[in-house]
Protein chains: 2
Amino acid sequence: MYAQASAKIELPSYLPQNPAPFFEGPATPVSFFPAGAEIYAQGEKAGALYQVEFGAVRIYRLLADGRRQISAFHLAGETFGFESDATHHFFAEAINATGVRVFRAPSGTDMSRQLLPLALKGLTRAQEHLLVLGRQNAIERVAAFLVEMSERQGGLQQVELPMSRNDIGDYLGLTIETVSRVLTRLKEKGVIRLLSLRSIEILKRDTLLAMGE
Amino acid sequence: MYAQASAKIELPSYLPQNPAPFFEGPATPVSFFPAGAEIYAQGEKAGALYQVEFGAVRIYRLLADGRRQISAFHLAGETFGFESDATHHFFAEAINATGVRVFRAPSGTDMSRQLLPLALKGLTRAQEHLLVLGRQNAIERVAAFLVEMSERQGGLQQVELPMSRNDIGDYLGLTIETVSRVLTRLKEKGVIRLLSLRSIEILKRDTLLAMGE
DNA sequence: CGTCACGTTGAGTAGATTCAATTGAGGTGG
DNA sequence: CCACCTCAATTGAATCTACTCAACGTGACG
């Protein structure tokens, strides 16, 4: 739907037409985070930008009673950590062993040109996710998730899920049991195949796409 | 929670520290949209920016079968319409009689410095809304909504709701009936009072805040 | 080979939805 | 200015989807 016509993506006039490469300065070191390690916490002072080198990161928020909503997963190559003020509003954790390049803009540097496209991309993705959480049922949510992960990994048949069922549930606003049941149903319908716990194969892409609308 | 300490909001170093006024050029005309009028549609070519002069706007997406998710409301003073590429991914409609200032940046203009703070603000708001849709029950959602609307109107006791129950439902991922039932319950509990259909008074702000977490 | 965390499956429940009927508010025309 | 009309909102009853709680499997790892 609404397919991008050409290879070259057209941009609105208010965006820089020749986006600058993101990191130009001296090479910044890569920090390593083991599985489950906190990268930053809600309430902490923000300021740095983070680029995933390898592994995967979850961004989430907690309610007082422990309910958790994961607002985004970030895979290799993606940048996260920017905030609208000097405080982090979310938690960021490494899902698996993860390498992250931490970049701190020198005081006074204006990164707007580099950051705006990323912020807009994140905004679009968040808004699309709102539709999933607000108006789709369990099967549709899981289908949309599998399609999203597939597309972010190049649209291959085989999709790697770096995160646990628990993470998937907290991303989709479902319980771990419901996620499991839906995957079983999709498997029984012949839509997907479970290669291993964290690796699935998409057998009927069209069906999956139709489910996720 | 995580209160902003001083009047002057501290910003991360990667943001412009002295944000430029948004519109500097020659005064742009104000377009008028009657209630329900479309401002732009999904799939249309994007490019302009819109600032609400008076009235209110809803931003939404549709599923094939007509289910609708409103991702944001925009009130007087707010800016919307920016996209990550040249296509609108959402619909924008006037909720009531609404005046909108349409601004088209001349080709080649880089509005990053002005837009980034708005995009980041929108991103934060969308991500917070994800928590509401993903992990909160009906009462919590409505409470969070009322608190949000109150704060966006200056934190007064009396809150104007420019939108219908239908719009509220499609924003909160609930049916119109559920929204109505919850409002009745809040009324019975003495938390709010209905001055008219679209105007409520908050009697127990603390209770409401605690419900919305 | 045993342990432990993670995942799956099952039964019963709760909360929100659906469908239907009623009430109420706002706007229009006489 | 009032009566009427229409659409929006509220209320009620029955249903259904996803959740909760519990038991059971399974894969990874020492």
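Numbered from 1 within each chain, the chains take letters A, B, ... in sequence-line order.
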Inset, instruction - Could you tell me which residues satisfy salt bridge (charged side-chain N to carboxylate O under 4.0 Å, His left out) with A:Arg58, sequence neighbours excluded, listed by chain and number? - result: A:Glu93, A:Asp167

Legend entry - B:Arg152 and B:Glu78: CA distance, side-chain angles, deciding distance, salt bridge (Lys or Arg N to Asp or Glu O under 4.0 Å) verdict: CA-CA 11 Å; B:Arg152 285 168 69 175; B:Glu78 299 179 342; 3.0 Å; yes

Length of the [atom1]-[atom2] vector between [X] and [N], whole Å:
X: B:Leu183; N: C:dG24; atom1: CG; atom2: C1'; answer: 15 Å
X: B:Leu194; N: C:dT23; atom1: CG; atom2: P; answer: 19 Å
X: A:Lys187; N: C:dT9; atom1: NZ; atom2: C1'; answer: 11 Å
X: A:Arg198; N: D:dG27; atom1: CZ; atom2: C1'; answer: 11 Å
X: B:Leu195; N: C:dG26; atom1: CG; atom2: P; answer: 12 Å
X: B:Asn96; N: D:dA8; atom1: CG; atom2: P; answer: 13 Å
X: A:Arg67; N: D:dC19; atom1: CZ; atom2: P; answer: 12 Å
X: A:Arg141; N: D:dC19; atom1: CZ; atom2: P; answer: 8 Å

Legend entry - salt_bridge(B:Lys45, A:Glu10) N-O dist < 4.0 Å: yes

Legend entry - Nearest to side-chain heavy atoms of A:Leu197, which nucleotide of C:dT8, C:dA16, D:dA9: C:dT8

Inset, instruction - Would you mind telling me which of D:dA18, C:dA16, D:dT10 lies closest to the side-chain atoms of B:Ala138? - result: C:dA16

Over all atoms of both residues, closest heavy-atom pair of [X] and [Y]:
X: A:Arg205; Y: A:Ser150; answer: NH2-OG, 2.6 Å
X: A:Leu11; Y: B:Ser84; answer: CD2-O, 3.8 Å
X: A:Pro34; Y: A:Ala94; answer: O-CB, 3.6 Å

Inset, instruction - Indicate, yes or no, whether a donor-acceptor pair under 3.5 Å links the base of D:dG12 to the side chain of B:Arg181. - result: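 Indeed, a donor on one side and an acceptor on the other fall under 3.5 Å apart.
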
Inset, instruction - Within residues 164-177 of chain A, find the residues that approach DNA chain D with a heavy atom at under 4.0 Å, and present them sorted by residue number. - result: A:Gly173, A:Leu174, A:Thr175, A:Glu177

Legend entry - Side-chain N,O (B:Thr178) to OP1/OP2 (C:dT17) below 4.0 Å: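 Answer is yes, contact under 4.0 Å.
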
Legend entry - Distance below 4.0 Å between A:Thr184 side-chain N/O and C:dT9 OP1 or OP2: yes

Inset, instruction - Scan A:Ser196 against the nucleic acid and name what it touches under 4.0 Å (heavy atoms): base, sugar-phosphate only, or nothing. - result: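 Touches nothing.
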
Inset, instruction - Report the C-alpha separation of B:Gln51 and B:Glu53 in whole Å, then their side-chain angles, then the decisive distance to 0.1 Å, and conclude whether the side chain to side chain donor-acceptor pair (under 3.5 Å) test is met. - result: CA-CA 6 Å; B:Gln51 195 167 38; B:Glu53 206 69 20; over 6 Å; no

